Amino acid sequence: MTNAISDIEQAEVILVTGSNTTEMHPVIAACIKRAVRRNHARLIVVDPRKIGLTFYAERWLRPRPGTDVAWINSIMHVILRDGLENKPFIAERTEGFDALGPLLAAYSPERVQKMTGIKSQDIEHAAHMYARASRATILYAMGITQHTSGTDNVKALANLAMLCGHVGVPGAGVNPLRGQNNVQGACDMGALPDVFSGYQPVADEVTRTRMAQAWGVEELPQRPGKTLMEIMEGAGSGDIRALFIMGENPMLSDPDLHHVASCLGHLEFLVVQDIFLTETAKLADVVLPGASFAEKDGTFTNTERRAQRVRQAIPPIQGCRPDWKILCDLASRLGVPMSYETPRAVMDEIASVTPSYAGISYRRIGKKGIQWPCLATDHPGTPYLHKGRFARGKGRFHPVDYAPPPEVPDTDYPLYLSTGRVLYHWHTGTMTRRTRGLVECAPECEVEISPKDADIHDIRDGDPVQITSRRGRITAKARITEKAVPGMIFVPFHFAEAAVNELTLRDVDPVAKIPGIKVCAVKLQKAG
Amino acid sequence: MIKKITTPDDLIRIKKQTRTFEKVPEKGVHVAVGMNTCGMASGAKETMAAFRESLAYYDLDAKVFRTGCAGMCFYEPLVDVFLPGQPRITYKGLSCDGVSRVVEDHILGGQVVENWVLAQTVVGDKRLPGIPTYDEIPYCRGQHKIVLARCGHIDPEDIYQYIAMDGYAASAKALEMDPEQVIDTIRRSGLRGRGGAGFPTGLKWQFVREAKGHPKYIICNADEGDPGAFMDRSILEGDPHAVLEGMLIAAYAVGATRGYIYVRAEYPLAVERLRKAIQQACDLGLLGPNIFGSDFSFDIRLKLGAGAFVCGEETALIASIEGKRGMPHPRPPFPAQNGLWGKPTNINNVETYANVAPIISNGAEWYAAIGTPDSRGTKVFCVTGKIKHSGLIEVPMGTSLRKIVYDIGGGITAGRAFKAVQTGGPSGGVLPEALLDLGVGYKELAEAGSIMGSGGMVVMDENTCMADVARYFLSFTRSESCGKCTPCREGLTRLYEILDRICKGNGHADDLDRLESLATTIKDTALCGLGLSAPNPVLTVLKYFREEIEAHIFEQRCPAGVCPDLVWYRINADRCSGCGQCRRACPVEAIVGRPKVPHEIDRMKCVKCGTCLEVCPPRFHAVECVSGQVADEPQAVSSER
Amino acid sequence: MAKTISLTINGKRITTVPGTTILMAARQVGIRIPTLCYHPRLSATGSCRVCMVEVRGRPTLMPSCTTTVEDGMEVVTANDRVLEARRLIVQLLLASGNHNCLTCQSNGACELQKLAYDLGIEALAFPARSSGYPRDDSNAMIERDPDKCILCSRCVRACQEVQVNEVLDFGYRGRRSKIVTAWDLPYAESDCVFCGECVSVCPTGALTEKQAKFQGRPWELKKVRTTCPYCGTGCQLDLNVRDGRVVKVTSDTLHGPPNYGSLCVKGRFGYDFIHHPDRLTAPLVRHKEGFRKASWDEALDLVASRFSQIKQSYGADALAGLSSARCTNEENYLFQKLMRTAIGTNNIDHCARL
């Protein structure tokens, strides 16, 4: 997030898109709802589903899945047409603005209504709300990024924020809500193929030399590695022979599971380190039992870039070892001794080699955490980014054009399928499906179907239904609800017995290599 | 399209043109039937229909008017007959059976029908002998009608009749004054809120005017919830425009643009008449944009309450209008600062608003000259209970309770003795005979331990048990408590429980202290007016009728012979002739005895229903209801309850 | 309006800013006024009437939590009148429902219990009277016992003002009053999303974590502050531990950002997995169609030797690692360090893209 979570309550207008916040980030959703109810903030929700937040929204814009660039461009079209752009901000703080106007000309609300299904007057209204606000924030999540156009979607949102100058001040910004507890931290720490910790590029020789020195090795690989989807493909093609998976469950979370299974099956050696025997661990050659968050010390970095402490509350369950210890043991066996006494010592090393974490230590994290960039031990941390100037100097407009998703409904597969999570479960369900209260609330996989589609397919609430895509078929229980819109069904991906990722597409965004899980075409029929 | 009223001259023109039943009929006859809820409950609808039918049958040139309640609910249906050249005659209790006689004898024959005649209103100098004028009727003598002046004299569903009796003239006058002048007039008049607390109205308006915030709101509290109180209903049914006009003037004075009337849904007739009145006022431009051609715009909406007593409390009422549960919140902040939707809000009750137009028309000094220094003007009361003339009265402040009970109310029914009067609704205090000379006023009543409230007045006779009375009122307030604050929610129930066990003869010696400390603490700590006043009946009963409570506790005796657990029935063998009436009537066969031989009551079987007492022929007077500790030597209390 | 206001509380002169409540002003100078319905994160409703104080010139006692200070005000927080009223109010609450501390999960953490003790209440002044409402046992997470509810409405306000779920409100009237969901349905059938905010603010044992019942008294629990393992919000929470087991999750407004004491259903109730019998308790090595348990040394040696072998045969880039968005920063750091140094490849990624 460019801004802090608490900033949301200072916003005058809040635009939420591609985030079912009340279920995915309930505590952040509470901030939004408080802003609306207490501070009379005005909420715009853009989402194909009638998600919980629409109840609090002044306007709910309902796009067809995968048409995000179109409506975002159209909002900008209206802003430019009506002269509502923040001219001083554009002049002082940005570059590349001139290219934007010509591209947006084609995105009139009337035309975009046809492309997206959003009423033109709603686009106009939302544009005026957002542009005229003194402080407006954009919140988004995987509904924006998990598309083949994911990068373009984010760029378009960034363009919109810069166009109105809603960046670099409190109560504003472009704010991705990260889905997993430490996905921010995993990126920050360099668990990525092209960067070391703190996003220092591996391709940069100076950095590489410095890191090699710090780590006491002679040299480090210089070519950026493969991304997750490429690693999977590589496993399938034989480029990758051995894979070490720590605390991930691609056999449920990744798109097109039949393909994933076949790729993993090609590996010569698979090691999985986890706390349960997950669907992925079942395929492993060696399974190493790690420790849960309650059994170890460390830090997580949340979606607002706040590094916070994880503290050991109980000893590791008999037989398990904290993951950091396992890694140390393994590294030592592989000839690179790692003899950290505690995670605190690891953090000290992180700070010493990572500029954005340079000022972070367990002592400073204390009770309130600390938001990076934190450049020195006396740096206070950074509640919001791009204050006064953008990280790269001037903010660059990246005009993007709309491209339809790779698969849209047709006569054979007439419905959109979207996937995601439900309130009571989390990701692949390894933890939540082992918690009684949560299982009681959401015992099984339920397909959200609109009353209209249920009618067309002669499906009643609670019926088992079969969902088929070009890649696979699953069976789940029908839940007929107004939350779903006609022409689109929604299936959560927590449930191994109805693993919706057997149906999804593995086409990826060309830049970020994120698979476009959020849209594909399926057909629906009553099962049995 | 109706022409809008834009100048005072328009009002005068309408006044001239409009026919009311009190204007001397140019030809033919005027008949007016009281058509408030009280009248209709007594059959006024049928009476009116009978008149129309009969007048049509004789093909008479007649106009039948509908009017509101003139206050004498005990005489309904009330009918006025007005023939040219004759005094106006008022008939009481005229059911449809009597209509043909009135038409034939009076309207056709010129002979007043004495069976039903109540009074005459002299027009010119022609007076009929043997029929009193209103002023000569004790019920009317001593009353001073300002608020009720038009009730029973105009058709409440016809705005023109209101205008014909100078309606909306005060608005026209007010709109030519500065808002500050209007407030000053109200302030100098000494008008205080008629809803209960008696806050000076002018001061409240001033607070709202000075409060920051926009828009501002006006609310009329018409959520009359006191059992036995119907002042607001009668005004709304009988003269709705008086309330609208008061709100209009208040809105102008405080700078409000929107008004709400919060009225109980249980008042369907009042609601209907208000709807019509608002519509008519809008049609004539007396509500809506640019009233009287000025910059001032004001409209009024109705909000129906669902019958929660607590919604009469202003903060709860506001919550209810906002669509929330009707629960009070602590004041300050007062609605004048932070009211409806968080905006400055003026809230007064029906009677307060009805006082406004007369004050503007007649001036502050005129009003201030009525009543007492502390409580100016008049007050409307609903007098009910064991009193001969129960109904609606309006008296100058300071009028004594004795005058209200005996002169206006006609004294106690069935020749029994007065015991107590409760003022101010279910949370008012109960005042004994010794205080009958107390003049009604905010200060006087408060000092006696009671309240003015909205004007309920319940008269009790000697056959009333004061422990039972206190318990009764507590049973009401405790179930109407909203449940928010501890002392009211829990405390009132505990008061009720203690009173209940006292009534059942299970009182403890320290219950008097417990009642006292609990009631005092509730009065000291409750959140809103409901809780703060609910202990009043208990405290006044303890103060004025302590011995009676002590008799319940220490002697297991109910001196009034009311509490079923403390009384029993017996047959006086000396007086019983063995007629068998009681034996045959007893529902549980508790009475045994052979014919012509004195009967006996089996106390094990007796359920104390009192049937035997009722059926025992008065010439024998053999059944006695007794209460006391010693079964063998029971003390007779009353044999006729 | 004056910039500062000066008043006296218990004879002590205090200068404060307009808008301050008597309660806050008193706290500023260390005068403690007991409260029950008051909660720092919620709007003040002045409903319990425990914090009543005497203000000179006012006919009744005033609630200190909602009454704002005025210039020249003279406040007394504890004299006979005030203490008598306070005692009676607590007595009324103690007798409403069934406050049996002996068996109550909140024994030792109950604010009503503490208040009664502080006010020197030894015996009930009124016979205890049950509300007559049954317990809400409809779900595995939150237990509601109307007989321990004192209708302070903290839960209502927490639900409406903090989480803005707008599920709870008052129902019925008078002594029949009850905190209800719409149509007075049990939690499980209502719109409740089990965030547990209501439980976290309940001063008595009316709302409790069901699974924590009989797992430890408040004073037996050790609270360990940590970060929630679910979504990216990073809520701060306390693991409540007894005898090496996590028996409850709570949080605290004072923990500050990002959640200021709020949690969601997963954070508050999703901890069963820690002690779940399915947990792996030994390294597993593939054996025929399944696995066999192995010692740590055996397993780690096997991994190291196979990795080395494959690296030797196909080069470092034939190996890859998927790190974890669930693991700590330190572990992710070590993972990439291991892959880059010990293996010598940049084939590292994690599920950020999922």
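As the structure is a computational prediction, the values presented were derived from the model and not from experiment. Each chain gets a letter, A, B and so on, in the order the sequences are listed, and its residues count up from 1.
- Under the 30°/60° scheme for interplanar angles, the aromatic rings of C:His276 and A:Phe276 are found to stand perpendicular.
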| task | Take A:Leu243 and C:Leu322 through the test side-chain contact (heavy atoms from CB on, under 4.5 Å) and record every step on the way to the result. | result | CA-CA 8 Å; A:Leu243 182 56; C:Leu322 294 181; 4.2 Å; yes
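- With a 4.5 angstrom heavy-atom cutoff, A:Arg436 touches chain C via backbone and side-chain atoms both.
- Note: A:Cys187 leads A:Gly335, A:Gly216, A:Cys187 in heavy-atom pairs under 4.5 Å with chain C.
- Only the backbone of A:Asp239 comes within contact range of chain C, with heavy atoms under 4.5 Å apart.
- Using a 4.0 Å cut-off between a side-chain N of Lys or Arg and a carboxylate O of Asp or Glu, A:Lys296 and C:Glu330 do not qualify as a salt bridge.
- Neither the backbone nor the side chain of A:Cys31 comes within contact range of chain C; no heavy atom of the residue lies under 4.5 Å from a heavy atom of that chain.
- Proximity to chain C involves both the backbone and the side chain of A:Arg333, based on heavy atoms less than 4.5 angstrom apart.
- Note: C:Tyr230 and A:Trp426 have perpendicular aromatic rings, judged against thresholds of 30 and 60 degrees for the angle between ring planes.
- Neither the backbone nor the side chain of A:Thr145 comes within less than 4.5 Å of any heavy atom of chain C.
- Using a 4.5 Å cut-off between heavy atoms, A:Leu270 does not touch chain C at all.
- A:Met431 touches chain C through backbone and side chain together, each having a heavy atom under 4.5 Å away.
- Of the two parts of A:Tyr357, only the side chain, counted from C-beta on, holds a non-hydrogen atom closer than 4.5 Å to a non-hydrogen atom of chain C.
- Looking at A:Val353, the atoms closer than 4.5 Å to chain C (heavy atoms on both sides) all sit in the side chain, from C-beta outward.
- Taking A:Asp329, A:Asp509, A:Thr299, A:Ile314 one by one and counting their heavy-atom pairs under 4.5 Å with chain C, the maximum is reached by A:Thr299.
- Partner A:Arg37 forms a side chain to side chain donor-acceptor pair (under 3.5 Å) with one of C:Glu166, C:Glu161, C:Gln160 and no other, that one being C:Glu166.
- Only the side chain of A:Val202 comes within contact range of chain C, with heavy atoms under 4.5 Å apart.
- With chain A as the partner, the residue from C:Cys327, C:Gly256, C:Gly344 showing the most heavy-atom pairs under 4.5 Å is C:Cys327.
- Residue contact with chain C, scored on non-hydrogen atoms closer than 4.5 Å, involves the side chain of A:Ile231 exclusively.
- The choice from A:Gly319, A:Gly238, A:Ala191, A:Gly369 that makes the most heavy-atom pairs within less than 4.5 Å of chain C is A:Ala191.
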